[in-house]
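Heads up, the thing below is written out as C-alpha cells.
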Amino acid sequence: MSEQTEAPDNGHIVHVARQPIYDRDGVVVADELLFRARATASGADRSDSHATARVLVAAFTEFGLQELAGGRVCFVNLTRDFLTGRLPLPFDGDQAVLEILETTVVDEAVVAGVTALVEQGYTVALDRFTLGGGHEPLLPLVTYVKIDMLHASEPDVRAAVAECRRHGHLRLVAERLETPEALHLAYRLGFELFQGDVLGRPHVNSTLTLAPARLTRLRMLQALSADDVDMDEVVDLVGQDAALSLRLLRATNAAATGLNRTVSSIRDTVVTLGLNRIRQWVTLMLVADLTESDPEQLSGVLVRARFAQFLAGGVGVPADVAYIGGLLSAIADLFDEPADRMVQDLPLDPALVDALTTGRGPLGDVLATARAYTTPSAEMPVAGALPAQLSVDTADMAMAYLSAVSATNATLAELTADVS
C-alpha cells in the first residue's frame, strides 16, 4: 500500500512498494502493491482503510498504474469497507485484482459485496487462505487464492491446496516464500504463481505530491449530490483544487487507456470521467487525506492559473486551457519538478504539453509570462519585455494580477466559511 509522510515545504512523499509475482517459468506476470510508511520501511500495516485508500489514490493517480507495473496485473489489498461498498472503487474491473485480507470476517454482507464486485467485472483474490479459516464461502467467487508458505505447516498447506483444487477455476499463489525449500515445496504441489523474498523483494517507488484541499472536496460532494447537478459548478470546484485537478487528469489517463482522445481542460476531464466517477474519486480522496494543503502554496498555484486565464484572451488561447496550463506550471515549480516529468502520464492535448515543456507558441508565451509575474524571486515583466503576441498594457496586467489574488482569496475564504 502507500503512505504520505512530511516533505519539505509541506508537500508529501507518497511511497508505494511493489513485489513481483512469478509464474512457473520464472516470468514476472503480476505485482502486489504494498503499504510503506517511509521509503526505508521493511513492513506494512495492511489493515487500515485509510492506508488502503492511499494506495489506490497513489497507484492510479500520483504514479500511474502503467509506470508502477508496466502493464502487468496489480494485486491491491482491500478492507471490508471497500468490499461491502461503503467506500467506492474509482477504477474499472480490468485494472487490478482485489485482494481480500485474511483478517476480513466473512459474513453475508461481505459475500454479497464480493458477489456484486465479480458481477461488475472485478477479479478477486483471497489472501493467506487456510482451511477452516472461514473464507471457504468465497472460493466459488474468487479467481486467485494465496497461501502462506512461511508459517503454515506442510500438512496445513497440503490441506488448503486440496480444498482449492475442488474448485477447478482457481489459480493458486504461493506467497511469503523465504527459503529455497519452501519454493521447491510450492512447485511440487502445483502452485501456478509464486511470490516472496527468495524470488524478489518489494521495490519502493516514491513521488512528491501536492496535499489536497479538503474543503473543496466537501463542497464538491454537496454539489455532486444535488438532484440537478450544475456541471459549470463542478468544473469550477475541480479547478479550485490543484491536487484534485492533477489527480483527476491522471485518473482520466487510466480510464481512457486505449481511447483515441486527449483532454486539454478541466471540463474535458470531468466529462470524460463522468459525474459518478468524479464523485467516487472525491469520496476516496477525502478518506485518503491526512492534512490540508498549505494555504499560501494553494493560493499561489490558483493565482497563477487565474492570471494565465486572463492573459489567454489576448492571444486567442481558450481560457480553460490556459488555466490548466497555469495550474500544472505552478505545481511543477512548487515541487521543483521538471515539467516534462510532470506531464508525462497526463492525457493532455499535444499543444498544451508543448507549451509546458518547451515554452513555444502563444500558450507558451502565456505560461512564461504568468510564471514570471507570479514568481516572487522573478522580476516583474514590463510591457516592452512581453512577447509580441501579448499586447497587454502593464497597468491592465497589474490589475489582472490583483483580480486573480482577490478572486483566489475570496474562494478560499468562502470555502472556509462553508465548514465553520
Side-chain angles (χ1 to χ4, degrees), residues 1 18-34 46 52 55-56 59-60 65 68-85 88-149 152 157-177 186-187 189-196 199 254 257:
M1 295 186 183
R18 57 182 177 87
Q19 185 169 33
I21 298 174
Y22 299 81
D23 65 11
R24 293 181 67 85
D25 295 324
V27 177
V28 178
V29 294
D31 292 282
E32 181 177 358
L33 304 186
L34 304 165
R46 303 177 307 148
T52 301
V55 75
L56 295 178
F60 288 89
L65 198 60
L68 270 178
R72 294 190 295 269
V73 173
C74 276
F75 285 68
V76 180
N77 298 155
L78 291 188
T79 56
R80 182 184 179 89
D81 286 340
F82 289 91
L83 297 173
T84 58
L89 292 173
F91 51 83
D92 296 326
D94 60 351
Q95 294 183 269
V97 174
L98 313 180
E99 192 166 326
I100 302 174
L101 297 174
E102 76 282 1
T103 55
T104 302
V105 176
V106 177
D107 53 20
E108 292 183 0
V110 169
V111 172
V114 173
T115 300
L117 288 171
V118 172
E119 290 175 348
Q120 294 167 30
Y122 290 93
T123 301
V124 183
L126 285 179
D127 188 32
R128 299 190 194 178
F129 174 77
T130 57
L131 189 61
H135 286 194
E136 287 84 354
L138 296 178
L139 290 177
L141 299 172
V142 304
T143 300
Y144 298 93
V145 175
K146 303 179 78 172
I147 296 176
D148 184 2
M149 301 296 292
V157 171
R158 290 183 178 274
V161 169
E163 176 64 22
C164 291
R165 291 307 182 200
R166 295 179 59 245
H167 303 268
H169 69 286
L170 294 177
R171 301 191 70 191
L172 301 188
V173 184
E175 67 174 337
R176 302 183 78 192
L177 293 166
Y187 203 89
L189 293 178
F191 280 83
E192 287 82 13
L193 300 172
F194 308 86
Q195 176 186 6
L199 294 171
T257 298

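As the structure is a computational prediction, the values presented were derived from the model and not from experiment. Counting from 1, the numbers follow the sequence of the chain as shown.
Applying the salt bridge (Lys or Arg N to Asp or Glu O under 4.0 Å) test to residues at least two apart or on different chains, the pairs with a partner in residues 134-146 are Glu32-Lys146, Glu99-Lys146, Lys146-Glu175. Residue pairs satisfying the ring-ring contact (aromatic ring centres under 6.0 Å, His included) criterion with at least one member in residues 117-147, sequence neighbours excluded, are listed as follows: Phe75-Tyr144.
Under a 4.0 Å N-O distance rule, the pair Arg171/Asp23 does not qualify as a salt bridge.
Using a 4.5 Å heavy-atom threshold, the side chains of Leu78 and Leu89 count as touching. You'll find the side chain of Val124 reaches within 4.5 Å of the side chain of Ile100, heavy atoms only. Residues Val73 and Val29 fail the side-chain proximity criterion, which asks for heavy atoms closer than 4.5 Å. The side-chain heavy atoms of Asp127 and Thr103, taken from C-beta on, include no pair separated by under 4.5 Å. At a threshold of 4.5 Å between non-hydrogen side-chain atoms, the residues Thr84 and Val110 count as touching.
Within 6.0 Å of CD on Glu108 lie no more than 12 heavy atoms contributed by other residues, nucleotides or ligands.
When all heavy atoms are compared, the tightest approach of Ala152 to Val157 is CB-CG2, 3.8 Å. Summarising the geometry of Leu139 relative to Cys164, their closest heavy-atom pair is CD2-SG, 4.4 Å, with the distance given to 0.1 Å. Among all heavy-atom pairs drawn from Val76 and Ala96, the shortest one is CG2-CB, 4.1 Å. Considering every non-hydrogen atom in both Gly134 and Pro137, the closest pair reads O-CD, 3.5 Å.
A distance of 4.0 Å separates CZ of Arg165 from CG of Leu172, quoted to the nearest 0.5 Å. Distance check: Thr123 OG1 to Leu141 CG gives 12.5 Å after rounding to the nearest 0.5 Å. The structure places OG1 of Thr143 at 10.0 Å from CG of Leu126, a figure rounded to the nearest 0.5 Å. Put simply, CD on Gln195 and CE on Met149 are 12.5 Å apart, with the number rounded to the nearest 0.5 Å. Here the straight-line distance linking atom CZ of Phe191 with atom CZ of Arg24 works out to 10.5 Å at 0.5 Å rounding. Interatomic distance, Leu177 CG to Ile147 CD1, rounded to the nearest 0.5 Å: 11.0 Å.
Note on ring orientation: taking the six-membered ring where Trp is involved, the planes of His167 and His169 are perpendicular (angle over 60°, cut-offs 30° and 60°).
Panel note: side chain Arg128, backbone Leu101; no donor-acceptor pair is recorded below 3.5 Å. The backbone N or O of Val105 lies less than 3.5 Å from a partner atom in the side chain of Arg80, making a donor-acceptor pair.
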Problem set entry | Candidate pair Val111 and Leu138, rule side chain to side chain contact (heavy atoms under 4.5 Å, CB included), full reasoning | CA-CA 7 Å; Val111 172; Leu138 296 178; 4.1 Å; yes
